[in-house]
Amino acid sequence: MRALLLCGLALAGCTAAPPPPAGGPTGQALYRSFDPQVDALLAQMTLAEKIGQMTQADQEFLTDEAHIRTYALGSILNGGGSDPVTNSREDWTAMVQRYQDLASQTRLGIPLLYGVDAVHGHANVVGAVVFPHNIGLGATRNPDLVQEIAHVTAREVRATGINWTFAPSVAVPRDDRWGRTYEGFAEDPALVASLGEAAVRGYQGDDPGAPDRVVACAKHFAADGGTTLGTGITLDGVDYPFDRGDARISEAELREVHMQGYVTAIAAGVATIMPSYSSWNGVKASASRRMLTEIIKEELGFEGFLISDFAAIDEIPGDYRSDIETSINAGMDMVMVPARYELFVRTLTELVEDGSIPMSRIDDAVRRILRVKFAAGLFEPDWSAEPLHVAAFGSEAHRAVARQAVRESVVLLHNRDGRLPLAASLGRIHVVGAAADDIGIQSGGWTIEWQGATGAITEGTTILAGIREAAGPGTEVTHSADGSGAEGADVIVAVVGERPYAEMFGDDLALRLPEEDAAVIATASGAGVPVVTVLLSGRPLVVPEVFEASDAVLAAWLPGSEGGGVADVLFGTFAPTGRLPFTWPRTVAQQPLNLGDADYDPLFPYGFGLGY
Ligand code: GLC
């Protein structure tokens, strides 16, 4: 079937798009440069084929995999927790190839753009390197490192045959009580803009079709991190305070605080942008012509396509038919349906046939989608869904990049009497806390499962294992999850913090330690042994008891699979250089608390960090 497509393109006087020549168009001009080929293809397409390209289904909701062929779907995703038989690289690869084979059997044989949330490495897949979440990368202040991390992630994503990641988030979280704070680089728009641009360049390079690159997605437009307390979504009878809420802010604040990451991502050539579930002054982003067409496309010159969030258009007031009409007419190009794809196709078809949605809007959406597919190399004769860089997947070289990111992400907040770095000659180090020996806790949400999970959920090095590797030959390293057994040790290393969460399930009005870990600190502090605490969290926490009980406190955020990087800082192999990407409050009542606020009186200010 692909031969038919390529033949059709040739007949139309254009060959399948060669990769952009070195020095060829980059940035948003790259996408426009494919318009001759896009015109030729569009001219061949039926309405059904066009609507198919605008439809993204989650593979777990395919009632019949053949629907990929029947509806000529343009894209498939694996949403959080939507997994193949196992989370092995091999099963992910086999799944992607099976779906691409079905797409190749359509009349035009247009390959799928295959999307996944590889937001801190390809962390859905067992054995992939799991990088620190964005909050930790913000603490590094290192755009070159962020670019390298995105490039390594792109290679690991391509090792499963996938060609699109829904990253980077360029959210600017302003209230740390929001459950997605850790997906933001910082509270500072300028730092978010710098690191977001670096991430896009790492994922896509100048040629998103290159063998070691993937299509990126800047998300979630806009002010997803600026919603007002108490406006969050109600889901299954539960009111969430922030997530998917309403950002009640001026256009000036929208632009100055929440849009800078899109300006730089678009300049860097980002191919896709995801509008937010949240609203701006009462209007859902997914329904806002002002945001989607006037600002993103017309003002910022975005030439790729807009992909909705997961069933986000369903949350637009009205019925599903009006949701589709409103969102597509506002400028949405592809809809992450992700389950009711047959209803979506049928309803969108009716809306075009009755004139509610003009064909010109459909053609614009499909043009944008095809531009990105050309740029991603999907129409090159030698394109295939074959996995690439398989040997590098989860490799030591990739893990070394992650370990360096962990080192640079750690922020030293407190170091009484120079307790840190630990001497290699200590007699016994007693490590306490369940979190000390738990890859799942140190990785956080969006790891193997949507919400993440505790336990040995993927490969890597726990902080305890890292300490064991780093300790001197004469040093005994012991561990207890509950904090007991410290008597007689030279030092206690307490590893405590938040358990994994994602999205609305992370909305939290207290910012405290879990009870279990508060008890560990209480037990440890009663042992008469100096305490060093490593905090694992997706945001600053209000934990005065930790600072009271500890001679030293390190904020390690959500470091991912390479816990050895934390040990490197503990033992001084790497002196801490991390700087707070978020203001650390004295009390939760101070939230939201951000650099520049009038009554700015934090426990530790934005940018704070001690060294050795
Ligand atoms: C989720 C998130 C978005 C993610 C998408 C696909 O609900 O809001 O960040 O990319 O759905 O998993």
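Numbering of ligands and ligand atoms starts at 1, following listing order. These numbers come from a predicted model, not from an experiment.
Protein residues lining ligand 1, listed by chain and number: L77, G79, G80, D117, F166, R180, K219, H220, M274, Y277, D309, F310, M336, W446, E503 [non-hydrogen atoms, distance under 4.0 Å].
A salt bridge does not link K297 with E303: every distance from a Lys NZ or Arg NE/NH1/NH2 to an Asp or Glu carboxylate oxygen is 4.0 Å or more. For the pair D64 and R69, the salt-bridge criterion is not met [side-chain N within less than 4.0 Å of a carboxylate O].
Using modelled atom types, one side-chain atom of Q28 and one backbone atom of V270 make a donor-acceptor pair closer than 3.5 Å.
The ring-ring contact (aromatic ring centres under 6.0 Å, His included) test with Y182 is passed by exactly one of Y501, W557, F582: Y501.
Distance check: H133 NE2 to S169 OG gives 11.0 Å after rounding to the nearest 0.5 Å.
Between W446 and E503 the shortest side-chain heavy-atom distance falls below 4.5 Å.
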